[in-house]
Each structure stands twice: as structure tokens, then as C-alpha cells.
Amino acid sequence: MKFKDLSRRGFISAVTTTTVATAFSSVMPAIGKTGNAGELAILGGTPVRTKAWPKWPAMIADEKLMESVIKTTKSGIWSRIQSPTGTVATFEKEYARLMGTQLCIGTGSGTQALATSVEAMDFGPGDEVITSPYSDFGTVSAILTSRALPVLADLDRDSFQLDPDEVEKKINKNTKAIIPVHIMGMPCNMERIMAIAKKHNLKVIEDACQANFARYQGKQLGTIGDLGCFSFQASKQISCGEGGAIIGNDPELMDRCFTVQNHGTNRKGFNVTIGPKYRMNEFEGAVLMGQIAGAKERFERRNANAAYLDSKLKDFPGLMPQKKYPGTESSGYYKYAMSYRKEHFNNADRSKFLKAVAAEGINLSPYIARGFHVEPWVDEIISLREYQAMYSASRLKRYKEEMKMPNCDLVCNEEMVVLEGVASLLGTTQDMDDVVNAIMKVYENRARL
Ligand SMILES: *Cc1c(COP(=O)(O)O)cnc(C)c1O
């Protein structure tokens, strides 16, 4: 074919001609704009891309951020209790404003934010909290820390989010709360989850650790449930190495959160209850304050690039972008996630596809290796004296039996493919074209995988 001689880049700019577009349209309707020049890199051909991808969080370590840390170092205010106007208190105010909520409390991690929320709501031994088998283990860890029972419900295969029908099946008289996880930063089906919570009188703690700024039905994620939790761990869109925050509008509940994360000491200085010490320190606050100004713009850039990828993959059956529920306005795009359907790739396993794409210079990954229902903690906790004391033998037996999540297994073992989103989605349109071209090059050569 004539366009075989064009370089990939040249091909992209040349494809506005209808002849080329229609040449591919019968095979790949929305992706007729990409070419297929040459041999797969994995078979010795030229890779689509050799340029490196930006590295996170190093790419945001600019002068402003360094200055902010140096200023804190010199000030001698290193703990939040030394000053009511230090970096942590300042960040809490600024983050609450950005998230569209009244109140915010910084913590040492997203896991700590979640654990503080569970403890502040007084959930503990004997109580059950429903959450997703597909998340960071911090979500489950936060429930276990209070010795409540983390009950898992299966996913929707296409959104990778908690399936509300599965959630409802897991509710019993001991269920106290739901922790929906906005996985990849994409909103889960909050309309259904809030309706289920209302019907059964349950609290909702949103795990929005991947989702800052994302919007759903006119609201920001983290502001829909009773509390919202965020993470500022190194891989997250706003990061200080390790850090987290709780947001909420109920002053009494937020006061209890403050007390819990302050080792049980309230704002007036009285030692009133059980609580670990989960305080964010002033250096973490300084790193966060040093980067917050550009955070919204970076969020918007990620969404623009993701929309571009969506448009390219729209009618491509081999990789389906993460399903969005009605009312989804934006995502945090911690990852750009897709569902790999091998039947469209000549039945090549995902690992073969990923290797071929990696050789083209594009790093896609399977993300989470296993759902939490198949990890060793399940057998561990049901054998623990404290869990055996607080939950009946029949409950623990059924708990183990119900750890079956076929959709989560499918997602983990065969279908999930993610493009790292935090740094990669800040790239140029050309970077996004590289991603699409690599996918399409492998697709067109699928018989050779
Ligand atoms: C990162 C993350 C957590 C835990 O946050 P840490 O700050 O790492 O403790 C919890 N849930 C989800 C969905 C996350 O991505």
C-alpha cells in the first residue's frame, strides 16, 4: 500500500484524506486515522516510540515546591501543633475550598484517613463494612484496624467499580457502612450506592484516594457520602510522599475525626477517647502547598488527553475504555483503564499483547494482580482470636464461602490494561497518538502475536 512508506508520524498527519480513512473504516471505524507501517518491534521492527515518559512526582519538584520546604525547615514549625497557621492548617483550608466542602483534616496517609473515618463513626468489633475487592489494600486495612469485618462485593466487569446489586446482597443486620472506591479516579455508581445506603440506614465513606477534583452529577467526589478520603502518596495526583485527608461538612463528625487522628486528644486538649497518632506533619504540608496551585490545571489536562484517547478507542472492540456511569463529568485519571478483549486479538493472552505494546515503547500494565478475596489476610483474620470472639463461627464460615468474585477475577487475570495516568496523561497529543498507534499496530498484527 502506498502509505506504507510514510513514517508513523507522517501517516497521522496525512490521514485527513478520506481515501485512507475509508480504507480502514470497515475494520476499525474510529481508528481509521492510525496506520500500520512495518514489523512489530517485538519481532525486530522499529518501535512506535523511543522517547521516555515523564516521571512522577519528580516532574513537579520545581523551585516553588523546594522553596516551600526550605521555608518550613527554617521556620522551626515542624509539627502542626506548634502553630494554628502552619502549612498543614493552611493546606486543610485550601484543600477544603478546592474540593468544595466545609472542612478538611490532614492525615499521614490515605489509609489513615480511611481508618480515622471508620473509628470516628464508632464502627468496630461486630460491625460489617462493605467495600471493593479491587483497590489499594489500605481500604481494607482501614476497616481491619478497627476490628470491623471488611465484606467484599463483586465488581461490574466494565466499570471495575463495586456493582450496587452485589453490595445490596451483602447487607445484613450488622452492616454499618459502605466504602465505595472511585477506582482509577472515575466515579462509581454513587446514585445507586447512596440510595442503598439510605434504604438500609448505612453510612458512606468515599474512598476518593485516586479521585481529587473528579465530578459526578454536579458534585465533587468525596462530598457525596458522609465523609470523603484522599491520598497524597507519591503515586497520587497531589503528592507529598505519604499523606492523606478527610473532607466533610458535618462539624461534629469532623471534630471526632480530628480527635481520633490526634491520639484521642480533642481540639481543646482533653484526652477523650481511643485514637492512634495519624497527624500530617508540616513538611508534608509544605510539599503540598508548593504544588497545589497547578493541581487543577493538571487535572484538566489529564481529562482532555483521556477524552482524546476515548475518541480514538470509541468503536474499537479490542480495548474498551472504563465504563462511565450517567452523570460522570470527569475523572481523576489516576490510571486510564481499558478492558482487553482477547477475542478481538486473535485470542492472544493479555500478557502477549502487553509485551508487544511495551516493545513499541508504550508501557501499559495489568495494574492490580489479585482481588483482595484471594489474598492471605482472609484466612488470617478468621483464625484470629479477636475475630473469633466477635463474630459467630457460622458468620466466619459464610464469610469465607462468599469470597467469590468472578468479575474481579476476570478483570485481574485477563482484562485490565492501564496506562499510568498521573504523569503520562499530562503529555502532548502526539504522546497520546503514540499510545493509540502502538495499540493499533499490535492489533493489525494480531495474527503474529
Ligand atoms: C492510594 C490509595 C489508598 C491508600 O492511600 P495511602 O496514602 O497509600 O495510604 C486507598 N485507596 C485507594 C483507592 C488508593 O488508591
Side-chain angles (χ1 to χ4, degrees), residues 56-57 88 91 95 104-119 129-146 150 152-153 155 159-162 177-188 190 193 204-214 216 221-222 224-225 227-247 257 260-261 276-281 283-285 287-288 299 302 322 331-337 365 367-372 375 377 408 411-412 416 418 420-423:
W56 191 267
V88 175
F91 175 74
Y95 196 68
C104 170
I105 296 163
T107 60
S109 70
T111 305
Q112 292 178 7
L114 289 159
T116 297
S117 302
V118 171
E119 188 66 33
V129 178
I130 300 175
T131 193
S132 171
Y134 194 77
S135 180
D136 179 282
F137 195 58
T139 314
V140 165
S141 160
I143 301 166
L144 292 172
T145 301
S146 289
L152 307 180
L155 308 179
S159 70
F160 327 124
Q161 312 272 16
L162 270 180
I178 306 171
I179 305 187
V181 178
H182 303 296
I183 199 73
M184 321 296 177
M186 190 72 84
C188 46
M190 285 306 283
I193 286 168
V204 174
I205 301 168
E206 292 180 71
D207 181 340
C209 284
Q210 304 184 348
N212 43 54
F213 296 115
Y216 171 85
L221 297 186
I224 302 169
L227 292 172
C229 295
F230 293 84
S231 166
F232 310 123
Q233 188 266 342
S235 69
K236 303 290 158 72
Q237 300 93 331
I238 296 174
S239 32
C240 60
E242 303 287 353
I246 307 164
I247 61 171
C257 287
V260 168
Q261 63 85 46
K277 191 166 168 228
Y278 283 162
R279 294 197 300 242
M280 178 182 278
N281 75 50
F283 294 103
E284 292 162 341
V287 175
L288 294 170
F299 157 83
R302 289 184 193 104
Q322 181 174 14
S331 165
Y333 284 114
Y334 181 62
K335 311 280 181 192
Y336 183 85
S365 94
Y367 193 32
I368 296 165
R370 293 170 299 279
F372 299 149
E375 292 277 359
W377 68 275
C408 183
V411 166
C412 291
M416 178 62 73
V418 300
E420 185 284 323
V422 176

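If you read the sequence from its start, that first residue is 1, and numbering goes on from there. Read the numbers this way: they start at 1 and go in the same order the structure lists the ligands and their atoms.
Distance alone, capped at 3.5 Å, is enough to place a donor-acceptor pair between the Q237 side chain and the G332 backbone. Distance alone, capped at 3.5 Å, places no donor-acceptor pair between the R279 side chain and the Q261 backbone.
Residues meeting the side chain to side chain contact (heavy atoms under 4.5 Å, CB included) test with Q112, sequence neighbours left out: T107, S109, Y278. Every side chain to side chain contact (heavy atoms under 4.5 Å, CB included) that A153 has, sequence neighbours left out, goes to I130, L162, E166, V167, K170. Take Y134 and apply the side chain to side chain donor-acceptor pair (under 3.5 Å) test, not counting sequence neighbours, and it matches no residue.
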For a distance cut-off of 3.5 Å, show me each N or O of ligand 1 paired with any protein N or O, plus the separation.
unit_1	atom_1	unit_2	atom_2	d
ligand 1	5 (O)	S231	OG	3.3
ligand 1	7 (O)	G110	N	2.7
ligand 1	7 (O)	S231	OG	2.6
ligand 1	9 (O)	G110	N	3.4
ligand 1	9 (O)	T111	N	2.8
ligand 1	9 (O)	T111	OG1	2.5
ligand 1	11 (N)	T139	OG1	3.4
ligand 1	11 (N)	D207	OD1	3.2
ligand 1	11 (N)	D207	OD2	2.7
ligand 1	15 (O)	Q210	NE2	2.8
ligand 1	15 (O)	K236	NZ	2.9

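The only option from I179, I183, L221 that meets the side-chain contact (heavy atoms from CB on, under 4.5 Å) definition with D207 turns out to be I179.
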